[in-house]
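Worksheet for the structure shown next.
What you see is a predicted model, and the numbers here were worked out from it, not measured in a lab.
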Amino acid sequence: NNNKRYKMAVLPPVLLIQLLMAPCSLPQQNKKQQTKPNIVMVLTDDQDVVLGGASTTPLPRAASELHQAGIFMENWFVHTPVCCPSRSEIISGRYFHNLVNTPHDRWDTDGKGHSIQCMHINETRLSPGPTFAQHLGEAGYRVGFFGKYLNLSPRQRPTGAHTYFVNPGPSSKSALDPSGEYYPSFWFKITPTFNGTWNNTNMEYETALIGNTTTQWIKEMATDDSGEPFFAFIAPHAPHGLAIPAPWYQGKFANMTTPRPPSYNYSATDHHWLVAQQPPVTQHEVLAADEKYGQRWECLLSVDDLIIALRNTISSLGISNMTYFFYSSDHGFHFHELRLGVGKWNVYDTDIRVHMFISGPGIPENVNHTLVGSHIDLAPTWLGLAGLDTPQDMDGHSLVSDLIDEKLLHTVLPSVRSHIEKSKTETVENSMRNGLSYIEYHGLGPVGAPARMMDSFNNTYRAIRVMRGSTTQPIALNSTSGEVEGNYLYSEFGGDFFFTTIVFRELYDLNSDPWQLVNIVNKTEDHIKEVLHQDVVRLYNCKGNDCRE
């Protein structure tokens, strides 16, 4: 029942796990046979992978269990390294340039005084609008959203959503939170109900609240007799600032220091001006970053609890053999690499590369997968698992055929098998996205100024992160395919949001320069740079099916 009220208390991790491992009702014998799989997506906020944020230290059980149970995608990238655009791209399967506001509505409202602009995204293109939830809802799925759906979450339940328990966002003044506050801390001062209202109660820790609410919902979905599958989109705010850990984890990572890779406090004067002008990191900044790094890991211990609780619940319900599990972050994070302060927003691997764990029927266990994937591929992949074709307005690829092991095909449900049969030749490796992830960002303004400017309006770029051909060799043009091969990052910085002029370019060979310290664009042959430019332009202008050719 959507209107059923759940009162969630602050539970220490041991009690949380014990409750979720307690005997529960298994699916009823007269339950209709399920032909489509359940899907669970856990999406954290600002969690890095390059600097160790997805390792077994902050995730002592989840990281190892998820890897042993399935695939770790080594080369997974976001499309836009900041919260609202990345989340919009995930739920829509569309590139930033197909979601961004036009010049006429960039700062417009919906006519009722509510902004429709969220970090340059026009949210009216999402709600109401086609998202994966609408397509899955029409296919019989019960879709539940829990936590940080978007920065400015819609005031109405999105089309296709069965359950909608999310934050309203800053200054939204919605019925869900009259104060309009956006996570002033990691504590809710509310108790959730599923009918769109809040009731004031004692404070409760956000990650535990979301975890308990979700697991209760999954139990209800799995034990009815409808035979309908569910999709749970679970998005705790951790480890985003303020990065306040649960009381039972405070101090677990005290006295931590951030990693000190070669790019730490490195003066990169041949980079884009935002990087080139950065002053040295001060001792105060060093100490503050070290403290924040430890607090973020302490917050991730609660995410570890949440993931294990979800997996224990799914196991105890007897539905592991019909449930896919995804775990990633909306983007990466950096700590003074290239002197860029503490944050995201930038084109380098610390910000655009994220972890991605995938497990479920037909997925091989304990495997590191080298396929280059992107967040815009998630929605088409989820629809593919449900047996649906990729809609024409989605820019990403279904990766189902790339992920399922043919030797394990007998373990998948009919909808998955049907999709694989229809899409064998439509893999990402057979498209212009082969070995490539497209990156796009519009600057948000002078973030951090005047102390340390970490973003600016002309920190506006479009880029390709490529790993194809002989990725252990220097960047080179393959004369047969016409593709530039290697392991590299190529970026173009625009003079405005529409790239009417290109004011700066960067190229890094990550085989010899994994921390992107030396910009080699001026040492690269013109014909190679022209091929790279055309690759970027083609993706920048693509829409829907054109992006998958």
How long is the straight-line distance from [atom2] of [Y] back to [atom1] of [X], given to the nearest 0.5 Å?
X    : Y    : atom1 : atom2 : value
M73  : H369 : CE    : NE2   : 5.0 Å
I308 : D304 : CD1   : CG    : 5.5 Å
D330 : T80  : CG    : OG1   : 11.0 Å
L539 : D546 : CG    : CG    : 11.0 Å
N38  : N321 : CG    : CG    : 9.5 Å
F326 : I358 : CZ    : CD1   : 5.0 Å

Are the side chain of [X] and the backbone N or O of [Y] linked by a donor-acceptor pair below 3.5 Å?
X    : Y    : answer
T381 : L399 : yes
R142 : P229 : yes
R296 : D46  : yes
D395 : G544 : yes
T44  : A238 : no
S359 : G70  : no
N312 : A309 : no
K252 : L301 : no
N98  : C542 : yes
H79  : Y95  : no

Closest heavy-atom contact between P60 and S64?
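Where P60 meets S64 most closely, the heavy atoms are O-OG, 3.7 Å.
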[Y] side chain reached by [X] side chain, heavy atoms, under 4.5 Å:
X    : Y    : answer
R353 : N75  : yes
H375 : M356 : yes
W76  : L371 : no
F325 : V42  : yes

Of P361, S415, P414, the residue whose pairing with P37 passes side-chain contact (heavy atoms from CB on, under 4.5 Å):
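Testing each of P361, S415, P414 against P37, the sole residue satisfying side-chain contact (heavy atoms from CB on, under 4.5 Å) is S415.
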Between K344 and D45, does at least one N-O distance fall below 4.0 Å, as a salt bridge requires?
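Salt bridge absent between K344 and D45.
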For the residue pair D351 and Y441, confirm or rule out a side-chain donor-acceptor distance under 3.5 Å.
no
Is the closest side-chain donor-acceptor distance between T163 and W217 under 3.5 Å?
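Short answer, yes.
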How about H355 and Y327: are their ring centroids closer than 6.0 Å?
yes
Would a line drawn from the ring center of H162 to the ring center of F230 be shorter than 6.0 Å?
no
Would you say CD of E138 has more than 12 non-hydrogen atoms from neighbouring residues, nucleotides or ligands within 6.0 angstrom?
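Yes.
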Taking the six-membered ring of F77, is NZ or CZ of R465 closer than 6.0 Å to its centre and within 45° of its axis?
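Negative - R465 is either too far from the ring of F77 or too far off its axis.
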Going by the angle between their ring planes, with limits at 30° and 60°, are Y540 and H97 parallel, tilted or perpendicular?
tilted
Mind checking whether F96 and H442 have parallel, tilted or perpendicular rings, split at 30° and 60°?
perpendicular
